Amino acid sequence: MIHRSIQNALQVAVAAELPDADTSRVLVRPCDPKFGDYQSNALMALAKQRRMNPRELAGAVVARLDVSEWCSKVEIAGPGFLNFHLEPEAVSGVLKEAASSDQLFFEPAIPSRTIVIDFSSPNVAKPMHVGHIRSTILGDSLARILRLLGHRVVTDNHIGDWGTQFGMLLLGWKTILDEEALEADPIAEMERIYKAINSDESLRDAARAELLKLQSGDSENLSLWQQMIDLSQQQFDMVYGRLGVGFDYTLGESFYNDELAGVVEDLRKNKIAVESEGAMIVEFPDDSPLKGQPAIVRKSDGAANYTTTDLATLQHRQREWLPDEILYVTDGRQQLHFQQLFAIHRRWRPEVSASLEHVWFGSILGPDRKPFKTRSGEVVKLAALLDEAEERAFTVVTEKNPDLDGAARREIARIVGLGALKYADLSNNRQSDYIFDWDRMLALQGNTAPYLQYAYTRIRSIFRKAGMDEVSAGEISLSTPEEFALAKHLLNFGLALEQVAAEYRPNYLCTYLYELAGHYARFYEACPVLQSGDAQTSRLTLCDLAARVLKEGLGVLGIEVTDKM
RNA sequence: GCCCCCAUAGUUCAAAGGAUAGAACAGUGGUUUCCUAAACCAUUGAUCCAGGUUCGAGUCCUGGUGGGGGCGCCA
């Protein structure tokens, strides 16, 4: 990548001028086109530390800098910025190379890390709902992006398959289960019996008794419990199938049951956990934000809770996969829990160096800025949400392209509808709450999936018209501003991927792809491809590269493309 | 009460301590004998308040104001 070459050259020049400088912080980044193609502001910081004049330092560094292989000029601007302007021949050289390679403007990360990603985590016997969508989509996208960059990624769906709710479910199953309803819609029926038992105070003791039987290994209850899990997993698989989401492992909470007592005992022996009002708790007297907010690791009834399960899970992941990093993709409301979990783990396993990251996200709100619900105030089920996305997209496709046959329109609607839904989520900063709005996400203009998918179809349409599927590599000439701008933007795909990986924010990639589609649209307006004579092969190559980057970029967001729409 | 998160055009969102805060939607005006006009071009308009650190602050620190969330036996 040219960017990296320039950065390396700059680091060498800085090291020669200032032998004691930490050049790892000397970075080169894309910048506003009015200043150049890449920019570095590192010299201002270095000059400041040394009480030097930043422009003089810049002058001295530039005198030692040779980037003529890639740049037509390097300027010192403002208080001490370096602005780099790319040489068209250098850019077209990289494009030519990429055209005949699988490496699309990015390089594998060195070193490659092992990253465990914990996401989605639905509950057994409950419908997957809108609350699971951000975790599922974000986690899947991060997994894909980190894998593309060459990391070893382990995805683990930590489903909620254990806990007090099973007492009520078991009691309901034995007393009020409607077999036919279960057959027709198992999740709805399990939800119904749970609600029925839960709302009746007088059944509390009976439900508790069922729970105890389950916990002590009663074979009937274990078998019913397993049925509930299997029925739920079928539902999960259907939703994941539609979303194109997969997991390497599905290890639910129950997987760790046998380890919980040992974890608590270990914490007690090491004086990390202490008894309080019959429960075992961990306090954080030295940890400012956690002070006064103890975590319970064993309830007074002797049962462990989720903090303990998460500790056992951590231990298992550490032993099994030796991760460099573990990501927890969950709602921001669980921040306290994860701070406590990480703090306990640091004390319990100080030798473990894996970095633990809570990759949290904000809420999805309705137009009224309250949590997103249906009109009648119900939680929105995920399957219904996917149906509606496809249905709304089908209406649009039918309106825009009535000549396509029904099956083709259905398939396009599936790709466009699900793409729009995912992109609306991923294109926002994950930490923001965002307002769910069908019309905006499916809009045909603006920063939406349909806009990006449309850019792709326009490229494919050119190849269809040309009667070819791909173009054989040749010289690339970047003679117009639109061609040059598009080409230069293609080079930065890898930077966008790295930016996502550094902060676990796919919205950076969305922004990059949206800009790419914009550059392509301007190129498309200004530069005829077919019937452009000598320029045709060069322009077709540019089209093909843009299409490949769009497809791969959307692909790692979990979004498909289509040749026609 | 304590703790956490958030605050940017009319609206929805961006912004690696960097340059004149960037888009989109909505609004207004324009572009098609030409590869999909689901497009393109032009244009109006914003950092909650008060201090501080810095050559430079939407970004970091302190104190307010407003909103959301969490606080020992749900996850």
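Reminder, nothing fancy here: chain letters follow the sequence lines and each chain counts from 1. Computed from a predicted model, the values in this text were never measured in an experiment.
Under the salt bridge (charged side-chain N to carboxylate O under 4.0 Å, His left out) criterion, A/R369 pairs with no residue, sequence neighbours left out. For A/E201, the salt bridge (charged side-chain N to carboxylate O under 4.0 Å, His left out) partners two or more places apart in sequence, or in a different chain, are A/R204. Partners of A/A526 by side-chain contact (heavy atoms from CB on, under 4.5 Å), not counting sequence neighbours, listed by chain and number: A/E482. Here A/E357 pairs with nothing under the salt bridge (charged side-chain N to carboxylate O under 4.0 Å, His left out) rule; sequence neighbours left out. Legend: residues meeting salt bridge (charged side-chain N to carboxylate O under 4.0 Å, His left out) with A/K34, ordered by chain and number and at least two apart, are A/D32.
Helical stems in RNA chain B, defined as runs of 3 or more consecutive Watson-Crick or G-U wobble pairs with both donor-acceptor distances under 3.5 Å, are listed by first residue as B:1-7 with B:65-71, B:10-13 with B:22-25, B:27-31 with B:39-43, B:48-52 with B:60-64.
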Output a table of nitrogen or oxygen pairs between the protein and nucleotides 60-68 of chain B separated by less than 3.5 Å.
none

Please write out the pairs of protein N or O atoms and N or O atoms of nucleotides 43-48 of chain B separated by less than 3.5 Å, giving the distance to one decimal.
none

Please write out each protein N/O paired with an N/O of nucleotides 52-57 of chain B under 3.5 Å, distance rounded to 0.1 Å.
unit_1	atom_1	unit_2	atom_2	d
B/U54	O2'	A/K48	NZ	2.9
B/G56	O6	A/K48	NZ	3.4

Subject >> Nucleic acid footprint by protein, nucleotides 69-75 of chain B - heavy-atom cut-off 4.0 Å, B for base, S for sugar-phosphate alone >> reply: SBSBBSB
Subject >> Per-nucleotide protein contact string for nucleotides 30-40 of chain B (B base, S sugar-phosphate only, - none; heavy atom under 4.0 Å) >> reply: -----BBSBBS
For residues 50-57 of chain A, which side-chain N or O atoms pair as donor and acceptor with protein atoms under 3.5 Å away, sequence neighbours left out?
unit_1	atom_1	unit_2	atom_2	d
A/R50	NH1	A/L46	O	3.3
A/R50	NH2	A/D20	OD1	3.4
A/R50	NH2	A/D20	OD2	3.4
A/N53	OD1	A/R55	N	2.8
A/N53	OD1	A/E56	N	3.2
A/R55	NH1	A/G78	O	2.6

